[in-house]
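Note that the numbering runs from 1 along the sequence shown for the chain.
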Amino acid sequence: MRRDVDATQLNLSPSVRVIILLVTMTIIAVAGIFLWQATTNRQRQLVFEIPPGTAARLAAGEEVKVFPSTIVIDLRYHDTLIIQNNDSAEVTIGPFRIVPGQRFVQRYWNPGTYELICSVHQGEQLRIEVR
């Protein structure tokens, strides 16, 4: 003889209920961590370093390639532009001055093209394309 059991008729002890609750919360927490990591892993950092001696080489007339004349930022990957000034001289990029040892971090939220003055380039121009 088969007897169907209704879930509302189960008499679970308080300790079993606590265990079920803890297991459920653990599963939800683990799923949340995986989701957060999947989102975090999509973020990219575009890091450019201005090496020591760059200002002196520019002053001597040398062509210095620290970064390309156009930097492409991809909004799908939540790109972050990072410029680290390891030179002994201040650098100007757009309206920003990056002193020696300073790290400049910039996120872009909207597509567009930005034409900036850049003291590290020979033509003093830097283009940032945000797609």
Can you tell if the side chain of [X] reaches within under 4.5 Å of the side chain of [Y], non-hydrogen atoms only?
X	Y	result
F48	I93	no
L116	F96	no
V130	L75	yes

With the 4.5 Å side-chain cut-off for hydrophobic clustering, are L126 and Y114 part of the same group?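 Yes.
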Using the rule that Ile, Leu, Val, Met, Phe, Trp and Tyr join whenever any side-chain heavy atoms are under 4.5 Å apart, tell me whether I27 and I19 fall into a single cluster.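 They do share one cluster, since a chain of ILVMFWY contacts under 4.5 Å joins I27 to I19.
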Tell me the closest heavy-atom pair linking S88 and P100, and the distance in Å.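 Heavy-atom minimum between the residues: O-CG, 3.3 Å.
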If you take all heavy atoms of V99 and E90, which pair is closest and at what distance?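 Nearest pair, atom of V99 first, then E90: CG1-OE1, 3.8 Å.
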From [X] [atom1] over to [Y] [atom2], what is the distance, rounded to the nearest 0.5 angstrom?
X	Y	atom1	atom2	answer
C118	Q125	SG	CD	9.0 Å
Q45	H78	CD	NE2	13.5 Å
S15	I20	OG	CD1	9.5 Å
I83	Q102	CD1	CD	11.0 Å
R103	I82	CZ	CD1	5.0 Å

Non-neighbouring partners of T54 that pass side chain to side chain contact (heavy atoms under 4.5 Å, CB included), sequence neighbours left out: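 Here the qualifying residues are I50, P51, L58, V64, V66, D87, V120.
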Listed partners of N86 passing side chain to side chain contact (heavy atoms under 4.5 Å, CB included), at least two apart: E49, P52, Q84
Apply the side-chain contact (heavy atoms from CB on, under 4.5 Å) test between R44 and each candidate in D79, I73, T80; give the one that qualifies.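 The single option meeting the side-chain contact (heavy atoms from CB on, under 4.5 Å) with R44 is D79.
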Step through the shown structure and confirm whether more than 12 heavy atoms of other residues, nucleotides or ligands are within 6.0 Å of CD1 on I117.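 No, CD1 of I117 has 12 or fewer neighbouring heavy atoms, counting only those of other groups under 6.0 Å.
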Heavy-atom count check: over 12 atoms from other residues, nucleotides or ligands less than 6.0 Å from R97 CZ?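 Check fails, neighbour count at 12 or below.
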Test side chain to side chain donor-acceptor pair (under 3.5 Å) applied to E129 - qualifying residues, sequence neighbours left out: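 Result, side chain to side chain donor-acceptor pair (under 3.5 Å) vs E129: R131.
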